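The block underneath contains the structure these notes are about, expressed in structure tokens.
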Amino acid sequence: MIKDILGYKIFNSRGEPTVLIKTITDKGVFYGSAPSGASVGRYEAKTLNIDKSLEILKNVKENFIGLREEDYSILEDMIVQFAGDRFQNIGSHLGFALSSSFLKAATLNKPYRYFDEISFPYPVGNVMGGGVHGGGTDIQEFHLIPINAKSFPEAIGICIEGIRRIKDILSKRGKVFGKNDENALVSDLNDEEVFEIVSSVADDLGARIGIDMAATELWDPKKGKYVYKKLGKETTPGEQLDAVKELINLWKVYFVEDPFHEDDFQNFARLRKWRPKILVCGDDIFATNMERVKMGIKYGSCNSMIIKPNQIGTIGLAMEVAEFANRNGMKTVVSHRSGETNDWIVSDLALGLSPFIKTGVWGGERLAKHNRLIEIWNSLPKPRMAKI
Ligand code: 2PG
Ligand code: MG
């Protein structure tokens, strides 16, 4: 039974305020804390000032006290009801943190047991980048995807080895480098130079390359063009399609996220038809929102999509969207946000829902997710990797 729900203002990895929830039941204390994005799409659930969210919690929490924590779906429905249209009444930080702590309470800190079957996701590991995550390239993220790994510990080990090798290459070339919001490496190299380094490391390690172009951030609606500041280049949507195709051919890109802005369903579809085997992944275009996903299916825009619970407001709503996308043949990618806490709920979601997980490579708040998966891998009699 839920005895109390406490809320605090804490900070995320970018130093922004966020919500920590402690749900107290007669079986223990269960935590949930919410992440925040920097490349935030227009269709995401609304965020509220954290102090305001905590005030709201004081008003709504009495409704949950005395209820059975095992009835997760009832608790979820109640959050969604209080939240109102696009979470404007409570904000997505509170929605995420409450639902994360409730699901942990319902499963005694084993949310992956909520699913009938589980398999381990392949990491889409952000090794270098820039964009709005800070410095570096115009392309927001360059990933290593170790699709030949036989276990999750091996897979994340490959990403970590990859980022170490990239660091060595940068040092040897005398490049000044640092880390950005997701702890990916940043330097003054441009997109092409970074592709060259990441692709040589990927080849050596038997990994594939992914990119998140986060093109909504590059898109200038007034000009009707994508603006690459670092490369000093501007492209019309048609030129952008050609440029993305060229990158895919040149660097044997396996996964491309948000190559077009969030309203360009048609160009996503053109790219997908051109090379059906490449994962054309939608993030801002869908914002983990069922109606947007249905539109994407109608247009044939993507064969892959990002699942971020805070884009839609709760863990349960994100699960519904992921299950719907999976049934419609999309490869889902459960994802962190660039501003993270040490909440690991996304790892458990990926076990039940997705063949891929995108949660950085290293740094405490990213390793909280990977180490959770390593621990579960080692605790199961017969763990297996997902089918991709
Ligand atoms: C993205 C994410 C996570 P943000 O664009 O996919 O990598 O970034 O959380 O800033 O939206
Ligand atoms: Mg993205």
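Indexing begins at 1, ligand by ligand and atom by atom, following the structure's order. Source: prediction; values computed, not measured. Sequence positions, counted from 1, serve as the residue numbers for this chain.
- Taking the six-membered ring for Trp and the full ring otherwise, the centers of Trp251 and Phe195 sit less than 6.0 Å from each other.
- Note on Asp284: not counted as a metal contact of the Mg ion (ligand 2), no N/O/S atom lying under 2.8 Å.
- Take the N/O/S atoms of Asp283: the one nearest the Mg ion (ligand 2) is OD2.
- A donor-acceptor pair is defined here as one N or O able to donate and one able to accept, closer than 3.5 Å; no such pair exists between the side chain of Ser100 and the backbone of Phe96.
- Two rings, from Phe268 and Phe260, have their centers less than 6.0 Å apart.
- Under a 4.0 Å criterion applied to the non-hydrogen atoms of Asp283, ligand 1 contributes the atoms 1 (C), 5 (O), 6 (O).
- For atom 2 (C) of ligand 1, the nearest non-hydrogen atom of the protein is Lys308 NZ, 3.3 Å.
- A donor-acceptor pair shorter than 3.5 Å cannot be found between the side chains of Tyr31 and Asn109.
- With ligand atoms numbered from 1 in the order given, ligand 1 contributes 3 (C), 7 (O) to contacts under 4.0 Å with heavy atoms of His336.
- A donor-acceptor pair under 3.5 Å is formed between the side chain of Asn310 and the backbone N or O of Pro35.
- Close approach to Glu257 involves these atoms of ligand 1, each under 4.0 Å from a residue heavy atom: 6 (O).
- Atoms of ligand 1 lying under 4.0 Å from any heavy atom of His133, numbered from 1 in the order shown and given with element: 4 (P), 7 (O), 8 (O), 10 (O).
- Scanning the protein heavy atoms around atom 6 (O) of ligand 1, the nearest turns out to be Lys358 NZ, 2.8 Å.
- Under 2.8 Å from the Mg ion (ligand 2) lies an N/O/S atom of Asp212, whether from backbone or side chain.
- Atom 5 (O) of ligand 1 has its nearest heavy-atom neighbour, among Ser335, Gly41, Ser39, in Ser39.
- Close contacts between ligand 1 and Glu141 involve ligand atoms 1 (C), 2 (C), 3 (C), 6 (O), 7 (O) [criterion: under 4.0 Å to a heavy atom].
- Each of the atoms 4 (P), 9 (O), 11 (O) of ligand 1 lies under 4.0 Å from some heavy atom of Arg337.
- Interface atoms of ligand 1 facing Asp212, defined by a heavy-atom separation under 4.0 Å, are 1 (C), 5 (O), 6 (O).
- Nearest protein heavy-atom neighbour of atom 3 (C) of ligand 1: Glu182 OE2, 3.1 Å.
- A donor and an acceptor atom, one from each side chain of Thr314 and Ser99, are nowhere located under 3.5 Å apart.
- In summary, Glu257 places an N/O/S atom under 2.8 Å from the Mg ion (ligand 2), meeting the contact criterion.
- Atom CD1 of Ile158 and atom OH of Tyr122 lie 10.0 Å apart (nearest 0.5 Å).
- At a heavy-atom distance under 4.0 Å, atoms from both the backbone and the side chain of Ala38 approach ligand 1.
- Here the CG atom belonging to Asn126 is positioned 9.5 Å from the CZ atom belonging to Phe142, to the nearest 0.5 angstrom.
- For Leu353 against Asn326, the heavy-atom pair with the smallest separation is O-ND2, 2.8 Å.
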